[in-house]
Engineer: 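The structure follows.
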Amino acid sequence: MTTFILVRHGETIWHTGHRYAGMSDIPLDAEGQRAADALAEWAVGAQLDAIVVSPLIRAVNTARPSAIALGMPLHIDPDLVEVDFGVGEGKTISELRPDYPDEVAAFEAAPADSPLPGGEVGRHAITRYLGVLDKLRERYPAGRVLVVGHGTAIRLAVSELIGIEPNRYRDLMPEMLNCGRTTLEITDRGVALQGFNVPSYTPGN
C-alpha cells in the first residue's frame, strides 16, 4: 500500500482575487508562505518517504520548508503542473464571460471535457496525475509520499480515483484549501480516501 498526501500549494495574490493561475508561474504571497511553514510543521511527524512537487514556483515554495525540515530532497515532476486555462490565465470567470459566453458556459457545465479556449482538456490532466502516482507506487510500494500540486488538477484526479464523474468535481469538491491535505491509500485492490481537504493552517494564526 502506498499512501499519498496530495496538497494544494499556498495562497498567491491571484488566488485571493479568484483569478485562474493555471500554468502561469505566480509566487506565494505572505499568507501562502505562512501556510507552507505550517505544512512543514505537520510534515515533521508525518513519516514521509518522499516529497514530489509540481515545477511551478508556488508549489515548489510550498514544499520547500517541509523538505528542509526533514532534510529530504524535492523531486520535481513536470506532470504535476496545474491545468492550463488558456485565455483564462490571469482572469476571473466574470472577466471572461463577455468575450467567451458560450465557451465559459461549456467550461462551467463540463470542466473535464470543455476547456477554455487555448486551454488543456481536464481529462488530460487526470492522465498526467495518475501516471505520476503509478510511477510513485512502483518506487514506494509501502511508502508515504507528499505530493504538492494544484487545486483543479488534484480534484480532477481524486474524482477519477474514487469513482466520481470528473465533470462534477466542482459540485462535490467546491473548495480546495491552500495547503489542504487529501490522503489516499492505493493498493492493487483499489483506492481508499482517508481524508479530504484537511487544513494545515488557519489563516490569521
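Below, all heavy atoms of this structure are taken into account, side chains as well, without hydrogens, waters or symmetry copies.
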Engineer: Between R155 and E160, is there a side-chain N and carboxylate O pair less than 4.0 Å apart?
Structural biologist: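 Looking at E160 together with R155, the answer is no, because their closest N to O distance does not fall below 4.0 Å.
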
Engineer: Does a side-chain N-to-carboxylate-O contact under 4.0 Å join E31 and R34?
Structural biologist: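 Between R34 and E31 there is a salt bridge, with a charged N closer than 4.0 Å to a carboxylate O.
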
Engineer: Do you know the tightest heavy-atom contact between G22 and L56?
Structural biologist: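 Nearest heavy atoms, G22 then L56: O-CD1, 3.5 Å.
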
Engineer: Quick one: do E11 and R58 make a salt bridge, cutoff under 4.0 Å?
Structural biologist: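 Result for this pair is no, no salt bridge flagged.
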
Engineer: Say whether V81 and L130 are linked into one hydrophobic cluster, either directly or through other cluster members, by side-chain heavy-atom distances under 4.5 angstrom.
Structural biologist: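 Not linked; separate clusters.
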
Engineer: Just verifying a value: how many Å separate T3 OG1 and Q47 CD, rounded to the nearest 0.5 Å?
Structural biologist: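 CD of Q47 is found 10.5 Å from OG1 of T3.
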
Engineer: Give a yes or no on whether V145 and I76 share a hydrophobic cluster (residues Ile, Leu, Val, Met, Phe, Trp, Tyr; joining criterion: side-chain heavy atoms under 4.5 Å apart).
Structural biologist: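 No, no single cluster joins them.
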
Engineer: Give the intermediate values and the outcome of side-chain contact (heavy atoms from CB on, under 4.5 Å) for residues S159 and L172.
Structural biologist: CA-CA 9 Å; S159 295; L172 300 175; over 6 Å; no

Engineer: Taking everything shown except I93 itself, do over 12 heavy atoms lie less than 6.0 Å from its CD1?
Structural biologist: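 Counting other residues, nucleotides and ligands, CD1 of I93 exceeds 12 neighbours.
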
Engineer: Are there more than 12 heavy atoms of other residues, nucleotides or ligands under 6.0 Å from atom CG of D188?
Structural biologist: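 Result for CG/D188: open.
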
Engineer: How far apart are the C-alpha atoms of M173 and V158, what are their side-chain angles, what is the distance that settles it, and do they pass the side-chain contact (heavy atoms from CB on, under 4.5 Å) test?
Structural biologist: CA-CA 10 Å; M173 306 175 191; V158 169; 3.7 Å; yes

Engineer: Are any non-hydrogen side-chain atoms of T62 and Q33 less than 4.5 angstrom apart?
Structural biologist: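 Of all side-chain heavy-atom pairs linking Q33 with T62, none is under 4.5 Å.
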
Engineer: Could you walk me through whether I26 and I57 pass the side-chain contact (heavy atoms from CB on, under 4.5 Å) test, one step at a time?
Structural biologist: CA-CA 7 Å; I26 307 303; I57 194 65; over 6 Å; no

Engineer: Heavy-atom distance under 4.5 Å between the side chains of W42 and I5, does that happen here?
Structural biologist: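 Of all side-chain heavy-atom pairs linking I5 with W42, at least one is under 4.5 Å.
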
Engineer: Would you call M176 and I154 a side-chain contact if the rule is heavy atoms closer than 4.5 Å?
Structural biologist: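 A side-chain contact under 4.5 Å exists here.
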
Engineer: Evaluate side-chain contact (heavy atoms from CB on, under 4.5 Å) for T2 paired with E185, printing each intermediate quantity in order.
Structural biologist: CA-CA 6 Å; T2 306; E185 293 177 349; over 6 Å; no

Engineer: Which heavy-atom pair separates G149 from Y129 by the least distance, and what is that distance?
Structural biologist: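 Smallest interatomic distance, heavy atoms only, reads CA-OH, 3.6 Å.
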
Engineer: Is there a side-chain contact between L116 and L96 in this structure, where contact means two heavy atoms from C-beta onward sitting under 4.5 Å apart?
Structural biologist: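 Result yes, sub-4.5 Å side-chain heavy-atom pair found.
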
Engineer: Say whether M23 and F85 are linked into one hydrophobic cluster, either directly or through other cluster members, by side-chain heavy-atom distances under 4.5 angstrom.
Structural biologist: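 Cluster IDs for M23 and F85 differ.
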
Engineer: Salt bridge check: are R123 and E165 linked by an N-O gap of less than 4.0 Å?
Structural biologist: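 Yes, charged N to carboxylate O under 4.0 Å.
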
Engineer: Does a side chain donor of either T12 or H15 reach within less than 3.5 Å of an acceptor in the other side chain?
Structural biologist: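 Side-chain D/A pair, T12 to H15: present.
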
Engineer: Any heavy-atom pair between the side chains of S54 and H150 that's under 4.5 Å?
Structural biologist: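 They are in contact (side-chain heavy atoms under 4.5 Å apart), so the answer is yes.
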
Engineer: What's the separation between atom NE2 in H75 and atom NZ in K135, rounded to the nearest 0.5 Å?
Structural biologist: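 Rounded to the nearest 0.5 Å, the NE2-NZ separation comes out at 12.0 Å.
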
Engineer: For V7 and C179, work out which heavy atoms get closest and say how close.
Structural biologist: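 Closest heavy-atom pair between V7 and C179: CG1-CA, 3.6 Å.
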
Engineer: Are the side chains of M1 and I186 in touch, meaning some heavy atoms are under 4.5 Å apart?
Structural biologist: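 Not touching, per the 4.5 Å side-chain cut-off.
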
Engineer: Would you call L136 and F4 a side-chain contact if the rule is heavy atoms closer than 4.5 Å?
Structural biologist: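 In short, these two side chains touch, coming nearer than 4.5 Å.
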
Engineer: For a 4.5 angstrom cut-off between non-hydrogen side-chain atoms, does V53 reach L80?
Structural biologist: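 Counting from C-beta outward, V53 and L80 never come under 4.5 Å.
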
Engineer: When rounded to the nearest 0.5 angstrom, what is the spacing between OG in S114 and CG in N167?
Structural biologist: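 So the gap between those two atoms works out to 7.0 Å.
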
Engineer: Any chain of hydrophobic side-chain contacts (each under 4.5 Å) joining V52 to I68?
Structural biologist: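 Hydrophobic grouping puts V52 apart from I68.
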
Engineer: To the nearest 0.5 Å, what is the distance between CZ (R8) and OG1 (T152)?
Structural biologist: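 The distance works out to 7.5 Å.
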
Engineer: Both conditions, 6.0 Å and 45 degrees, for the charged tip of R97 above the ring of F107: are they met here?
Structural biologist: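 R97 over F107 ring: no.
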
